[in-house]
Amino acid sequence: MNKKDIEFIKMLSLRGPSIWAYRPIIEAWVDIGGLEDFPSNTIPGFYERLSSWLPTLVEHRCSVGARGGFLQRLRDGTWPAHILEHVTLELQSLAGLPGGLGRARETPVRGVYRVIVRAWYEPVTRAALYAARDLVMAAIEDRPYDVQAAVDELSELTETLRLGPSTDSIVDAADDRDIPAIRLSDVNLVQLGYGAAQRRIWTAETNLTSAIAEGVSRDKDLTKTLLSACGIPVPEGQLVKTVEEAWDAAQQIGLPVVIKPMDGNHGRGVFTNLATYAEIKTAFDVAVDEGSGVVVERHIQGDEHRLLVVGNRMVAAARGDVASVVGDGVSTVEQLIESQINADPRRGRDEDHPLNFIRLDSAARLEISRQGYEAESVPPVGKTVVIQRSGNVSLDVTDKVHPSVAATVALAARVVGLDIAGVDLVANDISRPLEEQGGAIVEVNAGPGLLMHLKPAEGQSRPVGEAIIGHLFPPGEAGRIPLVGVTGSHGKTTVARIVTRLLQIDGQSTGLACSDGLFFARRHVNKEDSANWEQARRVLLNRSVQAGVIENSSRVILTEGLAYDRCQVGIVTNLDPADTLPDLYITEVDQIANVFRTQVDVVLSDGAAVLNADDDRVANMASLCDGDIVFFGMDGESAIIARHRSEGRRAVFVRGGVIVLANGRVETPLTDVAAIPLTKGGTQPQQVCNVLAAVAAAWVLGVDEALMRTGIETFGLDIAGAEVVPDSSAPALEVSV
């Protein structure tokens, strides 16, 4: 223990609510060895090195509660584990992630600490912990350390893992409404909600987006035909196969015209304001390679606009701007594009930039040549050269849109069949009806980008993420199914099985993850112990599950966290003081109670905690619950139950051999304990308690009393109604889509 180093012993990834936080964290066990005898104020130059390498640490308030609080602790003397916590959080912050929870706690072993840090992305946090360890040790040993290189590496890793800004805006809006989100892939596929109540998004596409509608939107000619049939103004156009056909069509329609791919996207291969055969030939040769056909259509005078429609309502609008340069008599057009356009910090290649870089593609070169220049030409001083007339749609004009225009684009989205659409139109003045100015809708796009509305180059940001969430989850819906979490020292599995049986009798398709395995409805799809995070997650992912029951042991809560963010019912069966976990530093009864309270902490405000009134430590958790409390116990006359009932609240207990449901002073007998096979004629007190807990949970969930009676009186006869199926069929049963 004389070695002066920071060594990682273990890292626990707690991917759900735990004893530390509601959000995912990493709990790192670190051994600081001989550094236990060297707090920060005893190491010469340490404060100066660390504070100069990471000056932003001044923002860490720490336990002092004020700006500069952590630096004060550093000056006064604190230990490397605490320093590691703050440096890790700061490195994550510098890498572009928000701040978050941090803790450093001693263990009974001298020099060994548990360091807890918020894990937005687990690989980033693990890398940040190692980088923080190396940085702190370099500061202790007075060695150089390349902080910027470490931050750059973490930033690069963060960028590969984070959701795109469009998807992130939707997930943030869901979080604001307490709707849970689960990322389903490395890309932007996200599940919002649980089980049968879930919705899925892929950026701005949803599981409500029709595949037929998406196919229609790709076919520009078909889209125009459908829109025109409904009286929506669209530019006259024709589908052509050769340059000659394109020229003939242009003359019939009337010059100038637009040429674009029939099924292109992102503006690729789109040429506007074409007036000569040479221009049309150049445009055709490019457009034909971008899609499966070429469309020639009338050129509409005006500015390009993109209007976002969500759920039959226009929610945001942006206008495009002409990209041009002004000659200085020295620089070429190509050089001016870089210095005057692409140098704009709003331009970039990723979704964090509202404007794209201007490329000298064929459309841009054609536009320049019309004005008598080439990319290598040097325009005279003060000469304006237009580079791109379309694109650059990022100027917010939402408040200027005329009501009739908003109604027209909403109708266009409905005609195509898209629940979320980006409608492109051209008009001189978006505040006037299209018919007055000869404006028209030119495209209706599925999966529209949202960045132009979230981070416009000019104007107000629009809450498009909120609009999409409001579309997917109308008021009163939160994407949640009845979810029951069960923890405690004994009886968890039995209680979970009984609750599941009662929900099944109530007509609900259930998912159960417990020590006996994984069950979907009456199918036993995994016979191995499934009381863990991974198997519980399968319950939440399954789109056929209308109600879920999940068993959580103290070890799972401590090493994995809960699989869900909140639940309707949280059950704590009991607390055995001997139920310790020394290998996890849980050696005292109060520590065990703190673990079990995690289940109570996550009960929704409209849900309830089901607590054992015969166990004082469990009963005392009532004050921690955001929702209601339903006590259960063998003694209906206990002081806890009597006081609870005097407040007009619910309890389930046994009196005279009969299970009683009590709501305040009103009592309803349910059934004789002796009629329940599981209790062996009432001779098994622990099983009676298990039944009481399960009945209380079912009562909270609105299961009819007659159904509850039937369920518990037949539970022991068919083992919770589970039908065992061969293991080989399990994958096919995992998720119903």
Side-chain angles (χ1 to χ4, degrees), residues 92-98 120-121 124 148-172 186-188 202-205 264-270 290 303-306 308 316-326 331-365 367-368 375 385-398 422 424 445 447-465:
Q92 289 194 131
S93 178
L94 293 172
L97 294 173
W120 296 94
Y121 302 103
V124 175
Q148 190 57 52
V151 171
D152 290 345
E153 186 174 339
L154 291 172
S155 299
E156 184 177 343
L157 181 58
T158 297
E159 287 305 312
T160 65
L161 295 173
R162 74 191 320 165
L163 292 169
S166 295
T167 307
D168 206 33
S169 72
I170 303 171
V171 173
D172 284 346
D186 292 337
V187 290
N188 292 321
W202 196 319
T203 310
E205 291 186 78
N265 53 40
H266 299 295
R268 288 191 291 267
V270 177
E290 291 288 346
D303 295 322
E304 183 180 356
H305 295 79
R306 165 60 68 88
L308 179 67
R319 177 174 61 80
D321 199 15
V322 173
S324 60
V325 297
V326 178
S331 305
T332 65
V333 170
E334 188 170 10
Q335 291 170 336
L336 291 171
I337 290 173
E338 293 304 314
S339 63
Q340 295 183 11
I341 299 178
N342 288 340
D344 188 334
R346 298 172 299 178
R347 294 188 180 274
R349 293 186 176 87
D350 55 42
E351 284 192 323
D352 285 329
H353 297 86
L355 295 171
N356 295 322
F357 288 130
I358 295 294
R359 297 183 301 117
L360 266 174
D361 56 14
S362 53
R365 291 180 184 276
E367 185 65 50
I368 295 169
V385 180
V386 174
I387 308 299
Q388 188 180 83
R389 294 186 184 275
S390 61
N392 304 291
V393 181
S394 190
L395 309 177
D396 180 70
V397 292
T398 304
D424 293 338
N445 301 281
L450 304 180
L451 191 64
M452 65 185 71
H453 308 300
L454 294 167
K455 295 177 62 175
E458 292 181 18
Q460 180 181 343
S461 174
R462 301 294 168 172
V464 293

Spell out, as yes or no, whether a donor-acceptor pair under 3.5 Å connects the side chain of [X] to the backbone of [Y].
| X | Y | result |
| --- | --- | --- |
| Arg462 | Ala316 | no |
| Thr398 | Ala317 | yes |
| Asn188 | Gly164 | yes |

Which heavy-atom pair separates [X] from [Y] by the least distance, and what is that distance?
| X | Y | result |
| --- | --- | --- |
| Ser155 | Ala95 | OG-CA, 3.3 Å |
| Arg306 | Pro448 | NH1-CB, 3.6 Å |
| Leu360 | Arg365 | O-NE, 3.2 Å |
| Ala457 | Arg346 | O-NH1, 3.0 Å |
| His305 | Val397 | CD2-CG2, 4.2 Å |
| Val386 | Glu367 | O-CG, 3.6 Å |

Exercise for the section: Return yes when atom CD of Glu153 has more than 12 non-hydrogen atoms of other residues, nucleotides or ligands closer than 6.0 Å, and no otherwise. Expected result: no

Exercise for the section: Take Ile368 and Ile387 through the side chain to side chain contact (heavy atoms under 4.5 Å, CB included) test and state the conclusion after the steps. Expected result: CA-CA 6 Å; Ile368 295 169; Ile387 308 299; 3.9 Å; yes

Once you round to the nearest 0.5 Å, how far does [atom1] of [X] lie from [atom2] of [Y]?
| X | Y | atom1 | atom2 | result |
| --- | --- | --- | --- | --- |
| Gln340 | Gln335 | CD | CD | 11.0 Å |
| Ile358 | Glu334 | CD1 | CD | 13.5 Å |
| Thr203 | Leu451 | OG1 | CG | 11.5 Å |
| Arg359 | Asn342 | CZ | CG | 11.0 Å |
| Ile341 | Leu336 | CD1 | CG | 8.5 Å |
| Ser166 | His453 | OG | NE2 | 9.0 Å |

Practice task
Run the numbers on Tyr121 and Leu157 for side chain to side chain contact (heavy atoms under 4.5 Å, CB included), then give the verdict.
Solution key: CA-CA 9 Å; Tyr121 302 103; Leu157 181 58; over 6 Å; no

Handout entry: Residues Ile170, Leu450; criterion side chain to side chain contact (heavy atoms under 4.5 Å, CB included); working and verdict
Key = CA-CA 10 Å; Ile170 303 171; Leu450 304 180; 4.1 Å; yes

Exercise for the section: Given side chain to side chain contact (heavy atoms under 4.5 Å, CB included), test Leu94 with Leu154 step by step and report yes or no. Expected result: CA-CA 9 Å; Leu94 293 172; Leu154 291 172; over 6 Å; no

Exercise for the section: Decide, yes or no, whether a salt bridge links Arg162 with Asp168 under the criterion of side-chain N to carboxylate O below 4.0 Å. Expected result: no

